[in-house]
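In this text the structure is predicted, and so the values were computed from the model without any measurement. In what follows, residues are counted from 1 in the order of the sequence shown.
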Amino acid sequence: MIREEVAAICKAMSDANRLKIIEMLTRGERCGCELLEELQITQPTLSHHMKVLSDCGLVSSYKDGKWHHYMINCERFKEFKNYLGAVTCSCDALRESCSEK
C-alpha cells in the first residue's frame, strides 16, 4: 500500500460518523437503512460518507431494490492495518536493536 492510499484512508476515517460506520460494518454487512437509523443523519449525508469510504476502498456495496448494502473491504482493511502495524516508535526500534547486540 502506498502512502497516498494510506493518507486517503486516514482522511476518510477522520470523521466521527465515518469512523462509527466502519465500527458498525466490522460486525457485518449493513443496509443503508440500518446505518441511517443508528447514525440519525439524513440519506444525502449518509450517501456522502459512503462515497468517501468507497472511494478510498475501505467499503464496498451492492444495491438491492432501493437500498444499498455495505460491507468492509477486508483485503483493503488488512493492507491498511499491516501498513500501520509496521509503523513503530523510534524508542521501540532502538530498544529492539539494542537488545539484539
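You'll find the side chain of I41 reaches within 4.5 Å of the side chain of L36, heavy atoms only. Under the 4.5 Å side-chain criterion, counting only non-hydrogen atoms from C-beta, M71 is in contact with Y62. Put simply, the side chain of M24 reaches to within 4.5 Å of the side chain of E38, judged on heavy atoms.
Connection of F77 to V52 is not established within any shared hydrophobic cluster, with ILVMFWY side chains joined at heavy-atom distances below 4.5 Å, either directly or through further cluster members.
Atom CD of residue E34 and atom CD of residue E29 lie 9.0 Å apart, to the nearest 0.5 angstrom. Here the CD1 atom belonging to I22 is positioned 4.0 Å from the CD1 atom belonging to I72, to the nearest 0.5 angstrom. Note: S60 OG to E75 CD = 12.0 Å, rounded to the nearest 0.5 Å. For the atom pair I9 CD1 and L53 CG, the distance stands at 10.0 Å (nearest 0.5 Å). Interatomic distance, CZ of R30 versus OG of S61, reported as 15.5 Å (0.5 Å rounding). A distance of 10.0 Å separates CD of E79 from CG of L58, quoted to the nearest 0.5 Å.
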Residues N17, L46; criterion side-chain contact (heavy atoms from CB on, under 4.5 Å); working and verdict
CA-CA 9 Å; N17 281 320; L46 177 64; over 6 Å; no
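A donor-acceptor contact shorter than 3.5 Å links the side chain of E5 to the backbone of I2. Remark: the backbone N or O of C56 is paired with a side-chain donor or acceptor of R76 at under 3.5 angstrom.
Applying the side chain to side chain donor-acceptor pair (under 3.5 Å) rule to pairs touching residues 41-52 yields R18-H49, T42-T45, Q43-S47, K51-D55, sequence neighbours excluded.
Nearest heavy-atom pair, Y70 versus G32, reported as atom, atom and distance to 0.1 Å: CE1-CA, 4.0 Å. Summarising the geometry of M13 relative to F80, their closest heavy-atom pair is SD-CE2, 4.1 Å, with the distance given to 0.1 Å. Taking both residues in full, the closest heavy atoms of S14 and K11 are given as OG-O, 2.6 Å, listed atom of the first, atom of the second, then distance.
Within a 6.0 Å sphere centred on CZ of R27, other residues, nucleotides and ligands contribute more than 12 heavy atoms.
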